[in-house]
Amino acid sequence: MNKPLTVITGASSGFGAEIAKIFNAAGYPELLLGRRTAKIEALPLNFENVLIESVDVTDQAEFKTAIQKAEAKFGPTDLLVNNAGVMLLGNVLTQDAKEWQTMLDTNVMGVLNGTQIVLPAMVERQHGTIINMSSLAGRKTFVNHAAYVASKFGVHGLSETIREEVSGKNVRISMVAPGAAETELLTHVTDQGALTDYQAWKDSMGGITLDPVHVAKSVKFIYDMPQSVNIRELDIAATRQDS
């Protein structure tokens, strides 16, 4: 039996790349979205049933065109993983407001855009799953993370609201909230002090944070449950992470 289409945003590195690998190995056709398509093309995947598109998730029209192209080839989207995200650490006293806007646009609007594209057909079929990659910063606060925390509290809030709205249609909205992890999120931080503080915190955990492969396995675990079972939220972090 042919497996249904899986759509993953932010698939070029970190959680997205590991999620792409795990679903690819399980034989799912995939639409992998990211701005750095060369990085996606370099992943160790079987590309036979993989479409790669350069998409900015804040551009809903571009996002929708890519999904429609994949659905024309592989059938309707059964799983959307809203993984694309930006973490720009900085203190609200000094951080550039453009960085706040970038995080809110990608982390909140990007998730809403993807959801609105695939949700109507899922509701109509009474089948489908959307997994939003949030963060422990969507549950609690962290110093130098004010705007990032605001964006991830937004992801938690919108996910639970939409889950309530579509639960009667047998559609699952779920969240995975990782703690500090070995991803490329920090490579775009411009505030050196915030970076130094983060590194010191990481060192207090033994210098190693969460391996993204375990987060990818969590996404697969949620999806593999029967459609009648929704793991609404899964919080996952390194054991040594205190906060």
Side-chain angles (χ1 to χ4, degrees), residues 7-19 33-36 39 54-63 66 80-117 130-162 173-199 201-202 209-210 212 215 219 233 235-237 241 243:
V7 178
I8 302 163
T9 69
S12 63
S13 66
F15 302 137
E18 294 301 332
I19 295 164
L33 302 175
R35 284 176 291 191
R36 300 173 297 175
K39 288 202 74 171
S54 175
V55 163
D56 180 346
V57 294
T58 66
D59 182 337
Q60 197 189 49
E62 189 177 275
F63 200 167
L80 168 64
V81 183
N82 279 312
N83 169 71
V86 186
M87 181 172 79
L88 302 170
L89 304 188
N91 194 283
V92 77
L93 287 168
T94 54
Q95 190 167 19
D96 189 333
K98 288 196 193 74
E99 294 194 346
W100 305 338
Q101 196 65 59
T102 297
M103 284 187 278
L104 291 168
D105 285 346
T106 304
N107 299 357
V108 179
M109 292 302 296
V111 171
L112 287 169
N113 283 339
T115 300
Q116 191 175 58
I117 294 164
I130 298 173
I131 299 177
N132 296 328
M133 301 304 294
S134 188
S135 167
L136 289 187
R139 290 187 57 78
K140 65 180 300 296
T141 56
F142 292 86
V143 172
N144 293 327
H145 286 60
Y148 182 72
V149 163
S151 73
K152 291 302 188 177
F153 265 70
V155 173
H156 266 68
L158 71 87
S159 299
E160 179 59 11
T161 303
I162 299 166
I173 312 290
S174 177
M175 262 181 302
V176 176
E182 296 296 315
T183 70
E184 293 187 7
L185 279 174
L186 284 170
T187 56
H188 305 292
V189 175
T190 56
D191 183 327
Q192 200 50 52
L195 260 184
T196 305
D197 290 348
Y198 191 94
Q199 189 57 48
W201 177 58
K202 182 175 167 178
T209 51
L210 187 63
V215 176
V219 170
E233 180 182 342
D235 301 340
I236 178 170
Q241 181 170 336
S243 49

Exercise. When rounded to the nearest 0.5 angstrom, what is the spacing between CG in N82 and OG1 in T115?
Worked result: 4.5 Å
Exercise. Taking atom CE of M175 and atom OG of S134, what is their separation to the nearest 0.5 Å?
Worked result: 6.5 Å
Exercise. Any side-chain heavy-atom pair from L33 and V57 closer than 4.5 angstrom?
Worked result: no
Exercise. Hey, are the side chains of M87 and H145 touching, using non-hydrogen atoms and a 4.5 Å cut-off?
Worked result: yes
Exercise. Which distance, rounded to the nearest 0.5 Å, do you find between the CG of L158 and the CG of L112?
Worked result: 5.0 Å
For this session: Please collect all salt bridge (Lys or Arg N to Asp or Glu O under 4.0 Å) contacts where either partner lies in residues 133-151, sequence neighbours excluded, each pair once.
Result: R139-E233, R139-D235
For this session: State the OG-NZ distance between S135 and K152, to the nearest 0.5 angstrom.
Result: 6.5 Å
Exercise. Can you find a pair of side-chain heavy atoms, one from V92 and one from W100, that are under 4.5 Å apart?
Worked result: yes
Seminar exercise, completed: Heavy-atom nearest pair, T9 first then N83, reads OG1-N, 2.8 Å
Problem set entry | Closest contact, heavy atoms only, A84 versus G10 | CB-N, 3.8 Å
Exercise. Does any donor atom in the side chain of T58 or D56 lie under 3.5 Å from an acceptor atom in the other side chain?
Worked result: yes
Problem set entry | Closest contact, heavy atoms only, L136 versus S243 | CD1-O, 4.1 Å
Problem set entry | Contact summary for L88 and Q95, nearest pair of heavy atoms | O-NE2, 2.9 Å
Seminar exercise, completed: Smallest heavy-atom separation, R35 atom then V55 atom, equals CG-O, 3.7 Å
For this session: Would you indicate whether the side-chain heavy atoms of L210 and Q241 approach each other to under 4.5 Å?
Result: no
Exercise. Looking at P212 and F15, what are the two nearest heavy atoms and their distance?
Worked result: CB-CD2, 3.7 Å
Problem set entry | Under the side-chain contact (heavy atoms from CB on, under 4.5 Å) test, residues paired with S151 that sit two or more places apart | L104, N107, V108, Y148
Exercise. Rounded to the nearest 0.5 Å, how far does CZ of F153 lie from OG1 of T141?
Worked result: 7.0 Å
For this session: Can you sort out the partners of Q60 under side-chain contact (heavy atoms from CB on, under 4.5 Å), two or more places apart, ordered by chain and number?
Result: N113, Q116, I117
Problem set entry | Interatomic spacing from CD in Q101 to CE in M103 - rounded to 0.5 Å | 10.5 Å
